[in-house]
Structure formats: C-alpha cells, structure tokens
Amino acid sequence: MGIKIALVGNPNSGKTTLFNALTGAKQYVGNWPGVTVEKKEGKIKGKKDVLLADLPGIYSLSPYSPEEVISRDYVIDEKPDVIINIVDGTNLERNLYLTTQILELGVPVVIAINMMDIVRKNGDIIDVEKLSENLGCDIVEISALKNQGINELVEKAMANVGKSITPARPIFAGAVEHAIAHIEELLLHDKPAEQQRWFAIKLFERDQKVIDKLNVSEAHIAHIEEDIVECEKLLDDDSEGIIAAERYNYIDSIKDGFYSNKRIRKEKLSAKIDKVLTNKWLGIPIFAGIMFLVYYVAVSTVGGWVTEYTNEVIFGEEGIPALISSGLKSLNTAEWLSALILDGIVAGVGAVLGFVPQLLLLFLMLAFLEECGYMSRVAFIMDRIFRKFGLAGKSFIPLLIGTGCGIPGVMASRTIESPKERRITVITTTFMPCGAKLPIIALIAGAIFNNSWWVAPSAYFLGVVSVVISGLILKKLKAFEGASSPFIMELPEYHLPTIGTVLRSMWERGWSFIKKAGTVILLSTILIWFLSSYGFENGSLTAVEDMNNSIMASIGGSLAWLFIPLGFGVWQATVGILTGLIAKENLLSTLGILYIGLSEVSDNGAEIWGNIQAAFTPQAAYAFLAFNLLCAPCFAAMGAIKREMNSGKWTAFAIAYQCVYAYVVALIINQFGNLFMGAGFSLWTVVAIALLVGMIYLMFRKPGKNRLQPRLAN
Ligand code: GDP
Ligand code: MG
C-alpha cells in the first residue's frame with residue numbers, strides 16, 4: 001500500500017495550483033459519491049506510491065455544508081497518512097481557524113503557508129519557527145504559483161508519515177476541557193486515542209451528524225448535556241459559539257509572530273478600537289446610537305431641510321409647476337394634457353425626486369460606515385444576539401444590504417448555509433427600510449409629525465425589531481427548528497475610506513433610484529393619474545370633477561374597508577398601498593396625485609402635506625407608515641424572494657407572513673394610539689390587546705415537549 005496525503009485548505013488558498021504543481025497532468029477528477037462536490041486524486045510527480053487527494057475548499061469543519069462534511073468524513077474514515085493544510089499567507093489569521101480544527105483530527109499535519117511571494121513583496125515576515133512551535137506541527141513556506149518550496153513540502157510531509165500526534169492546540173477554557181474530558185471518558189474510550197478529542201469536541205457542539213454516527217444513546221446524551229449546559233451558563237454563549245470563540249482567542253494569542261511591525265501596529269490599533277465598539281455591553285448601544293444619528297441627520301434634520309426646500313420652493317407654488325404651467329399655457333396645450341403633466345407627472349415624479357437629496361445623504365453615510373470596516377463589526381456583534389433569535393449572524397449582512405435595496409439583500413442570504421436560517425432571513429430581510437421606503441418615512445415625518453426627531457430612527461428600529469420578533473416567532477415553528485450555524489467572518493482592519501469609493505457607492509444606489517423615477521414611476525404616475533381623473537358616468541368614460549367618482553376611487557374603495565381598524569380605511573391610502581407593490585416610491589407619487597386633487601388650486605404642490613394632514617390622525621399615519629414598511633415588498637423584491645426560496649409554497653408563505661405581520665402591527669399601533677389619544681375603549685381595542693398578547697405568546701412560548709432538545713432528538 002502506498003501513502004495517502006490529503007490536501008485541505010480554505011477556498012482560494014491555492015489548493016488547485018498546488019495540486020497541479022505536485023501531480024502534473026496525471027490526475028483523476030470526479031465527484032464524491034452522491035453529491036456534486038469535486039473529487040480529485042493524483043500521484044505526486046516522481047513518487048509513484050504517493051497518492052494526493054484534493055479535498056473541497058472549506059472554512060471550517062461544521063456539519064452544515066456538504067463540502068465540510070465530506071472533508072471531515074474523509075479524514076476520519078479514510079485516515080490519510082498526512083494532511084497538508086494549505087493556508088493563505090496573506091490572510092493567516094482567518095485561515096488558521098480551519099487549521100485549529102484540522103489539528104484535532106488525529107492525523108499528522110504539515111502546514112504549507114502559500115502565497116509567500118506576495119507576503120514577501122508586502123514586506124511582511126512570518127515567524128515560522130515560533131508559529132510551528134505554537135501549533136505543534138511542521139510548517140513550510142511555499143509559493144504554489146512560482147513553484148517555490150514545494151519539494152521541501154513533500155519531503156516534510158513524507159517525514160511526518162507514522163509520526164505520533166502531539167496533543168492538539170488550542171487548549172480551551174477550564175470548564176470546556178472539563179466537559180470534553182467527561183465526554184471522552186463516558187463515550188469514546190473505544191475510539192482510537194488520537195481521534196477522541198475530535199469526537200468529544202463535536203459532541204460538545206451537539207453535532208447531530210457525529211451523534212448519529214456514534215449512535216449515542218438518549219441516556220448518554222442527557223448525561224453529557226448537563227456538563228454542556230453548565231458551560232453555556234458559565235460562558236454565556238451556546239456551545240458552538242463557545243468553541244468558535246475559544247479558537248479565535250487562541251489564534252489571537254499566538255498572532256504576534258505573524259507579521260511585520262507595521263501590520264501589527266495597524267492590527268493593534270484596530271483591536272483597541274474594537275475593545276470599545278464590539279464590547280459585549282457597549283456594542284449594541286453604540287450601534288443603535290450611530291444608526292440613530294445617521295437617520296436623524298439624513299431624514300430629520302439636514303436631509304429634511306433640503307427636502308422641504310425642494311418640495312416647497314422647487315416643486316412648490318412658485319417653482320417648477322408654475323414654470324411648466326405658464327409654459328404649457330403659452331403653447332396652448334390641450335387641457336387634458338396640461339392636467340396630465342401638472343397633476344400627474346410633475347406631482348407624482350416630483351414627489352419622488354424631491355427626496356433624492358435625503359437619500360443621497362443616507363447612502364453617503366452608510367457607504368462610509370461600510371467602507372471603513374464598521375459594518376462588518378456590526379455583523380459580528382449582532383451574531384451573538386441573532387443566534388438567540390434563530391437567525392444566523394450572517395443574517396445581518398442581508399439585512400444590512402437590505403437597507404439599500406431589498407433585492408440584493410434577499411440575494412445575499414445565499415451565503416447562509418443552513419436552509420432553515422436562510423428561509424427565515426429571506427422572509428425578514430425586506431422588513432428593513434430600503435431606500436425606496438425612506439421617502440415614505442420622510443413624507444409621514446414631514447406632513448404629520450412636523451419632522452419630529454424620533455420618526456425616522458423609530459422606523460428603522462421598527463424594521464430591526466420586526467426582524468427579531470419574527471425570528472422568535474418563526475423559529476418556534478416546526479418547519480424552522482434546528483441548529484444554527486456558527487459565524488465565521490474576517491474582520492478587516494479599520495481604515496479611512498477614500499472619498500472616491502464612498503461617493504461611487506453612494507451614487508450607484510442613488511442613480512438606480514433616480515432611474516426608477518424616470519421609468520417605472522413615470523409610467524405608474526400616468527396610469528394613476530388617468531385612473532383617478534376619469535370615471536364612468538352614465539355608462540361612459542368621462543373626466544370626473546370629483547376624484548371620489550374616479551375609477552381609482554372605486555378600486556381603492558372596494559378594498560378600503562380592510563384598513564378601517566388600522567385607521568386608514570380610505571380609498572386613497574388603499575390605492576397607495578397597491579401602487580407601492582409596483583415600487584415603494586409609487587406610494588408617494590400616488591399620494592401626491594391623489595391629495596393634490598383635493599385641494600382647490602390644482603397646481604399647488606405645497607398643498608399635499610396639508611391635505612394629508614387633514615386625512616390622517618397621527619396614530620393612523622404612523623400605522624400607515626408601519627404597514628407600508630412591513631407588508632409585502634415591491635414585485636421585484638418578491639421575485640427575488642421567489643428565486644431564493646426556489647419554491648412557490650415558501651414564497652407564498654413569506655409574503656402572507658409579511659402582510660399578516662404588517663396588518664397586526666399597524667392595527668396595534670392605531671388602536672393603542674386611539675386609546676392613548678383618549679378615544680376610549682372599543683371592540684377594536686380588545687382585538688388589539690388580544691393580538692398583542694398572542695404575539696408575545698408566539699414569541700416566548702416554550703417549544704412542545706418533543707422539541708425540548710431539538711438538536712438531540714432523532
Ligand atoms: P483554490 O481555490 O484553493 O483551488 O485556489 P487556486 O489554486 O484556484 O488559487 C487561487 C488564486 O490564487 C489563483 O488566481 C492562483 O493563481 C493564485 N495563487 C495560488 N498560489 C499562489 C501563490 O503562491 N502566489 C500567488 N501570487 N498567487 C497564487
Ligand atoms: Mg480549486
């Protein structure tokens with residue numbers, strides 16, 4: 001029998017390059033049985049009896065992705081003689097996370113630090129001797145691309161064949177080691193000594209695949225569960241999170257030997273900033289404070305003033321409408337065409353464009369936070385909390401992207417391995433106020449609440465809170481129960497972004513908004529104007545004097561009753577909700593057109609706010625805002641949901657859930673608002689209380705008995 005070497009490493013660490021360099025062209029490529037994950041084997045050049053197996057590129061050895069399961073099963077079951085762990089030398093810290101796990105598998109490991117050509121070019125030096133001593137295995141510096149060091153690597157690998165395994169690092173916190181020792185003693189004494197630690201750690205992590213593989217009895221599970229729960233209480237995290245944190249701590253503790261002083265200085269500065277910004281207690285309040293400021297500046301103050309100016313001066317009485325109006329008069333335009341242009345297009349598209357400055361300001365600040373490295377920290381902070389709510393830490397990334405636009409947000413959920421968590425994330429991502437919803441917020445804040453400081457930030461937090469509430473409710477449902485995957489993410493060093501990148505990012509988002517105003521919104525406004533200016537009188541289609549007789553009024557009116565308990569059961573609001581499904585900005589242009597029609601002077605833009613103010617009570621207006629933020633997103637985003645869910649049934653569930661949730665929240669807001677404003681008790685107050693109680697129950701109910709330990713049940 002020949003010698004078997006397994007090649008393991010992160011994606012893009014240079015595995016394929018090294019594999020090709022070592023094997024030449026003589027390789028076998030196929031798929032692993034049953035799954036479409038690439039399987040490659042080949043003989044090492046000049047060594048006839050040495051077989052090299054290229055395992056899939058992976059970041060960890062969790063049970064959540066087929067690649068990771070294949071890799072660990074291969075090592076455990078096939079027991080290769082040596083593992084070559086290839087790591088990207090320009091990114092040691094992240095790559096070593098996998099290394100700490102490979103070292104536990106019970107097979108001799110040689111680390112190949114690849115990309116040394118780049119490391120050297122960067123002027124970085126890696127203290128190989130110290131690192132090798134710390135990790136307890138041989139290390140060779142190579143450049144797979146330049147064919148440097150690979151012969152030495154093969155020699156080192158051969159020398160490790162049959163070598164006894166040194167005890168694996170890292171050593172975890174006392175309580176964890178205690179639990180692991182118990183597990184080994186109780187369950188694993190008949191396993192090969194060098195594999196016991198690996199199995200014990202996986203059992204500690206409640207890895208269902210390993211539990212099944214070892215066929216552990218319920219009684220034994222219950223027994224080791226005591227130790228695990230003890231640890232979790234002590235260290236305030238779930239067991240998987242504990243192990244992940246221990247690994248990172250360990251890597252952190254040995255990283256002084258990694259790089260040159262300059263890089264270390266930069267990392268040290270980042271670490272200092274992180275001590276505050278990602279602090280367990282301060283992290284969330286700081287994040288809340290920052291987001292509050294962002295929305296406060298973009299919507300309530302600076303951005304609000306600019307928008308007010310555009311709405312009142314540029315699109316106001318003396319502004320563009322007046323200009324266009326006199327232009328149209330001098331051209332002797334037909335009356336209906338002037339009406340279409342002034343009451344339809346200028347009022348509708350103008351209502352949307354007026355908010356562009358506000359949006360640009362918001363996007364500018366978000367781009368800065370993303371570029372400087374803060375937003376990746378936020379994802380990191382949120383992981384701890386989100387996992388408690390059944391969401392992956394990675395869920396925060398789709399949510400973050402969803403603040404710009406829900407479509408890429410929903411698409412970003414693809415990076416979440418567990419299908420259940422992915423679904424929950426897809427369902428909740430569009431709760432975040434996307435760019436198109438911002439003008440709705442600004443409109444309500446301006447028209448009803450006199451631009452009060454709290455309106456815009458509260459809308460943002462309504463989105464975040466809805467995500468959390470929904471996570472709590474959904475994860476209790478049978479279809480969603482199950483494990484949550486741990487969070488692995490590279491935290492870039494903090495740096496000041498260049499003005500160019502920030503401006504570009506702002507403009508890309510802003511431009512797509514403006515483009516929409518010129519296309520979808522323009523077409524919709526024409527349609528809305530037509531439907532709201534014409535109606536059937538005596539069986540024939542005519543221009544109506546009173547908008548309440550228009551086609552639009554009858555469409556909206558037929559559904560408006562639905563929204564009476566929510567406080568906005570008028571046809572105009574209903575039409576707004578419907579047109580919002582085409583694009584959320586449409587809501588604005590719709591209200592623009594519909595509420596202009598109420599005023600006496602039909603080309604008076606500034607009247608819109610007053611008319612809206614007259615039509616809604618404050619609580620109804622806020623309920624209307626909440627409903628529109630939370631209900632089904634625009635059609636394009638629904639399409640994205642359908643693509644990601646890849647199932648009609650799940651898409652229908654997602655949209656139904658969003659609408660029902662939005663309805664319930666808006667009803668509660670309006671009814672409690674009524675009560676608070678002194679409207680007295682009514683049947684609907686009782687309904688609102690019942691719904692609130694029901695919601696709290698759904699969030700905090702204990703899962704059924706059969707679900708007490710979902711991860712352990714067979
Ligand atoms: P894999 O995903 O692990 O299979 O990685 P690949 O072998 O496909 O390599 C990823 C990228 O890194 C490719 O563009 C390679 O050309 C490049 N690469 C691999 N090894 C080296 C190296 O030693 N030095 C440099 N500069 N680039 C490398
Ligand atoms: Mg590859």
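Each residue takes its place number in the sequence, starting with 1. None of the values given here were measured: they were computed from a predicted structure. These values consider heavy atoms only, across backbone and side chains, with no hydrogens, waters or symmetry-generated copies. For ligands, and for the atoms within them, numbers begin at 1 and follow the listed sequence.
Within the listing of ligand 1, atoms 6 (P), 7 (O), 9 (O), 15 (C), 19 (C) sit less than 4.0 angstrom from a heavy atom of Thr17. The distance from ligand 1 to the heavy atoms of Ser143 drops below 4.0 Å at these ligand atoms: 22 (C), 23 (O), 24 (N). Each of the following atoms of ligand 1 lies closer than 4.0 Å to a heavy atom of Lys15: 1 (P), 3 (O), 4 (O), 5 (O), 7 (O).
With Asn12, Val119, Ile118 as candidates, the residue nearest to atom 10 (C) of ligand 1 on a non-hydrogen basis is Asn12. Nearest-residue assignment for atom 5 (O) of ligand 1 (options Ala144, Gly14, Pro56; heavy-atom criterion): Gly14.
Looking at Asp117 against ligand 1, only its side chain comes within 4.0 Å, counting heavy atoms.
Using a non-hydrogen distance threshold of 4.0 Å, Gly57 does not register as a contact of ligand 1.
For Lys47, the salt bridge (Lys or Arg N to Asp or Glu O under 4.0 Å) partners at least two apart in sequence or on another chain are Glu155. The salt bridge (Lys or Arg N to Asp or Glu O under 4.0 Å) test applied to Asp190 returns no partner, not counting sequence neighbours.
Using a cutoff of 4.0 Å between basic side-chain nitrogens and carboxylate oxygens, Lys4 and Glu78 are scored as salt-bridged. Taking the charged nitrogens against the carboxylate oxygens, Glu194 and Lys79 have no contact shorter than 4.0 Å, which rules out a salt bridge.
By the 6.0 Å contact criterion, NZ on Lys280 is enclosed, its count of non-hydrogen atoms from other residues, nucleotides or ligands being greater than 12. Annotation: Glu177, atom CD; neighbour count of heavy atoms from other residues, nucleotides and ligands within 6.0 Å is above 12.
Checking only distances, Lys146 never comes within under 3.5 Å of ligand 1, N or O to N or O.
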